[in-house]
> 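One structure, as structure tokens, below. Some questions next.
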Amino acid sequence: MENNNLLELKEKALQEIEAAQTSDALNAVRNTYLSKKSELSSLTSMIGTLPPEERKSFGQALTEVRVAITSAIEEKANSLKNKELEERLAKETIDISLPGHSYNLGGRNPFYVIKDEMIQIFLGMGFEVADGPEVETDLYNFELLNIPRDHPARDMQDTFYINENELLRTHTSPVQARTMEAKKGAPVRIICPGKTYRRDDDDATHSHQFAQIEGLVIDKGINIGHLKATLELFAKKMFGEKREIRLRSSYFPFTEPSVEVDITCANCGGKGCNMCKGTGYIEILGGGMVHPNVLKMNGYDPEEYSGFAFGIGIERVAILRYGIDDIRKFYQNDVRFLKQFKKMS
């Protein structure tokens with residue numbers, strides 16, 4: 001092939017390169033002129049068939065054409081890349097003046113807000129958190145807590161039985177029994193948060209499932225003054241510094257003496273109103289000194305050790321704190337209810 005024909009091939013290639021408007025079109029031109037099956041490659045393989053005096057000049061001309069085409073393709077590729085990037089950026093531009101998408105989010109369930117806050121208060125007093133199974137044996141749920149079979153107190157804790165010996169726990173007190181058993185007579189200071197189950201009507205104030213945080217302290221020299229001081233500090237931390245508590249005599253089979261604990265009404269400040277039924281106080285929990293029988297059955301000498309225990313309903317505290325009128329709302333996952341508590345999440 002004459003050098004003039006090489007120049008025509010070069011000019012044709014450069015024109016097609018210039019005309020290419022996309023990267024795909026440019027790649028097609030590259031394949032046409034630079035691939036192994038291209039005309040330039042065919043000409044390169046023919047150099048050996050030329051007369052010796054023509055080989056050098058033809059080879060140099062062929063190389064110059066290949067370099068020119070390659071350089072033009074690289075320059076065009078960079079130009080197209082920049083152009084396509086600009087077009088993409090223009091197409092994907094976000095108008096930040098437009099309003100964003102809104103999502104219908106609820107809030108954190110107040111049950112968990114209160115539960116976590118209560119746990120933190122007791123952790124600050126030096127308590128440890130203990131846990132146990134929700135399906136319990138009769139031994140830990142009743143007998144080791146001074147509630148033998150056929151004891152009338154079992155009627156108040158009628159529950160769901162798996163079989164004759166296993167049931168859904170009626171309180172978190174079995175965790176206390178298990179902890180005392182594991183401690184083998186050593187001092188104890190724990191709280192036991194968790195779910196409990198009792199057969200009950202489902203209405204605004206009752207549920208077959210609810211949650212408690214129970215506390216247990218056992219050591220030498222523990223008296224009811226320690227119980228009162230602990231619960232008084234809890235009430236002030238939970239409901240405000242102006243709240244006061246009072247202890248009323250009561251009965252629980254696992255404590256002796258036993259007390260109901262009331263807190264001054266937030267609505268009237270203790271003066272008496274419809275909310276507190278004119279008493280100025282609202283009941284929030286029960287407690288008392290650990291019964292000597294419970295200490296004995298769980299490996300403690302009641303002549304040497306004493307202790308106190310208490311139980312607080314988590315939902316009851318949340319109801320009092322936020323004025324919630326139906327316990328079932330905690331379990332219904334209604335976004336309208338949860339939205340009211342967004343600021344606490």
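Since the structure is predicted, the reported quantities are computational estimates derived from the model, not experimental observations.
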> Roughly how far, to the nearest 0.5 Å, is CG of Asn141 from CG of Asn165?
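Atom-to-atom, Asn165:CG and Asn141:CG are 10.5 Å apart.
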> Between the main-chain N or O of Val217 and the side-chain N or O of Arg189, is there a donor-acceptor pair closer than 3.5 Å?
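Between the backbone of Val217 and the side chain of Arg189 there is no qualifying donor-acceptor contact (under 3.5 Å).
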> Is it true that Arg149 and Asp138 have a side-chain N and a carboxylate O under 4.0 angstrom from each other?
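Yes.
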> Quick one: are Thr170 and Phe142 in side-chain contact, heavy atoms under 4.5 Å?
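Sidechains of Phe142 and Thr170: in contact.
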> Can you tell me how far apart CD (Gln21) and CG (Leu26) are? Round to the nearest 0.5 Å.
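The CD atom of Gln21 sits 10.5 Å away from the CG atom of Leu26.
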> Looking at CG of Leu85 and NZ of Lys83, how far apart are the two atoms once the value is rounded to the nearest 0.5 Å?
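Separation between the atoms: 13.0 Å.
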> Is there a path of hydrophobic side-chain contacts, each under 4.5 Å between heavy atoms of I, L, V, M, F, W or Y residues, that connects Tyr140 with Ile190?
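Result: no, two separate clusters.
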> Please report the shortest heavy-atom distance between Cys192 and Gln176, naming the atom on each side.
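The answer is SG-CG, 3.9 Å.
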> Classify the ring geometry of Phe254 against Phe252: parallel below 30°, tilted from 30° to 60°, perpendicular beyond 60°.
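Correct class here is parallel.
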> How close do Gln209 and Ser207 get, counting heavy atoms only, and between which atoms?
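Heavy atoms only, the tightest pair is O-OG, 2.8 Å.
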> Determine yes or no for a side-chain-to-main-chain donor-acceptor pair under 3.5 angstrom, with Asn109 supplying the side chain and Phe330 the backbone.
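Between the backbone of Phe330 and the side chain of Asn109 there is a qualifying donor-acceptor contact (under 3.5 Å).
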> What verdict does the side chain to side chain contact (heavy atoms under 4.5 Å, CB included) test give for Gln340 and Phe337, after you've listed the backbone C-alpha separation in whole Å, the side-chain angles of each residue and the deciding distance to 0.1 Å?
CA-CA 6 Å; Gln340 302 172 69; Phe337 172 69; 3.8 Å; yes
> Examine Met289 and Leu285 and state if one hydrophobic cluster contains both, with Ile, Leu, Val, Met, Phe, Trp and Tyr joined whenever side-chain heavy atoms are less than 4.5 Å apart.
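Per the 4.5 Å side-chain linkage, Met289 and Leu285 are co-clustered.
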> Let's go through Met180 and Val294 carefully: what are the C-alpha distance in whole Å and the side-chain angles of both, what is the deciding distance for side chain to side chain contact (heavy atoms under 4.5 Å, CB included) to 0.1 Å, and is it a yes or a no?
CA-CA 10 Å; Met180 286 187 281; Val294 174; 3.9 Å; yes
> Can you name the side chain to side chain contact (heavy atoms under 4.5 Å, CB included) partners of Arg30, sequence neighbours left out?
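By the side chain to side chain contact (heavy atoms under 4.5 Å, CB included) rule, Arg30 matches Asn27, Leu34, Ile73.
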> Between Arg178 and Glu136, does any side-chain N to carboxylate O distance fall below 4.0 Å?
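A salt bridge links Arg178 with Glu136.
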> For the CD atom of Glu283 and the CZ atom of Arg316, what is their distance to the nearest 0.5 Å?
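If we round to the nearest 0.5 Å, Glu283:CD and Arg316:CZ are 5.5 Å apart.
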> Search all heavy atoms of Leu14 against all heavy atoms of Ala72 and return the closest pair with its distance.
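Of all heavy-atom pairs spanning Leu14 and Ala72, the closest is CD2-CB, 3.5 Å.
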> Is it the case that atom CD in Gln332 sees more than 12 heavy atoms from other parts of the structure closer than 6.0 Å?
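Atom CD in Gln332 is crowded, with more than 12 foreign heavy atoms closer than 6.0 Å.
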> What heavy-atom pair brings Thr159 and Leu168 nearest, and what distance separates the two atoms?
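Shortest heavy-atom contact: OG1-O, 3.1 Å.
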> Calculate, to the nearest 0.5 Å, the distance between atoms OG1 and NE2 belonging to Thr196 and His208 respectively.
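Answer rounded to 0.5 Å: 10.5 Å.
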> Among Glu84, Lys81, Lys76, exactly one meets side chain to side chain donor-acceptor pair (under 3.5 Å) together with Ser23. Which residue is that?
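Result for side chain to side chain donor-acceptor pair (under 3.5 Å) with Ser23: Glu84.
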> Are there more than 12 heavy atoms of other residues, nucleotides or ligands under 6.0 Å from atom CD of Glu87?
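Atom CD in Glu87 is packed in, count exceeds 12.
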> Can you tell me if Glu315 and Tyr331 form a side-chain donor-acceptor pair at under 3.5 Å?
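Tyr331 and Glu315 do have a side-chain donor-acceptor pair below 3.5 Å.
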> Could you report the tightest heavy-atom contact between Lys183 and Val188, atom names first, then the distance?
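Lys183 and Val188 have their closest heavy atoms at CG-CG2, 3.6 Å.
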> Does atom NZ (Lys236) have a neighbourhood of more than 12 heavy atoms from anything else shown, all under 6.0 Å?
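Buried by this count: over 12 neighbours within 6.0 Å.
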> Measure across Asp325 and Lys329 and return the closest heavy-atom pair with its distance rounded to 0.1 Å.
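What the structure gives for the nearest pair is OD1-NZ, 2.9 Å.
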> Grouping I, L, V, M, F, W and Y whenever their side-chain heavy atoms are under 4.5 Å apart, do Tyr197 and Phe210 come out in a common cluster?
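No, it is not one cluster - the side chains of Tyr197 and Phe210 are not joined through contacts under 4.5 Å.
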> Can you tell me if Gln212 uses its side chain to pair, donor with acceptor, with the backbone of His171 under 3.5 Å?
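Answer holds: no.
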> Cut-off 3.5 Å, no hydrogens considered: what does the side-chain donor-acceptor table look like for residues 110-133, sequence neighbours left out?
unit_1	atom_1	unit_2	atom_2	d
Asp116	OD2	Arg108	NH2	2.2
Glu117	OE1	Arg321	NH2	3.2
Glu117	OE2	Arg321	NH2	2.7

> I need the Ile263 CD1 to Glu232 CD distance, nearest 0.5 Å.
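It comes to 10.0 Å.
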> Are any non-hydrogen side-chain atoms of His291 and Thr255 less than 4.5 angstrom apart?
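SC-SC contact between His291 and Thr255 ruled out.
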> My understanding is that only one of Val261, Ile245, Asp262 makes a side chain to side chain contact (heavy atoms under 4.5 Å, CB included) with Tyr281; could you say which?
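Passing option: Asp262.
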> Could you state whether Ile147 and Val175 fall into the same hydrophobic cluster, counting links through intermediate Ile, Leu, Val, Met, Phe, Trp or Tyr residues with side-chain heavy atoms under 4.5 angstrom apart?
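In one cluster: no.
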> Enumerate donor-acceptor pairs with a distance under 3.5 Å from any side-chain N or O in residues 302-312 to protein atoms, sequence neighbours excluded.
unit_1	atom_1	unit_2	atom_2	d
Glu304	OE2	Lys220	NZ	3.0
Tyr305	OH	Gly185	O	3.3
Ser306	OG	Ile222	N	3.1
Ser306	OG	Ile222	O	2.6

> Is there a continuous path of hydrophobic side-chain contacts, each under 4.5 Å between heavy atoms, that joins Tyr322 to Ile284?
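Yes: a chain of side-chain contacts under 4.5 Å links Tyr322 to Ile284.
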> Is there a side-chain contact between Ile213 and Ile314, using heavy atoms and a 4.5 Å cut-off?
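Contact flag for Ile213/Ile314 side chains = yes.
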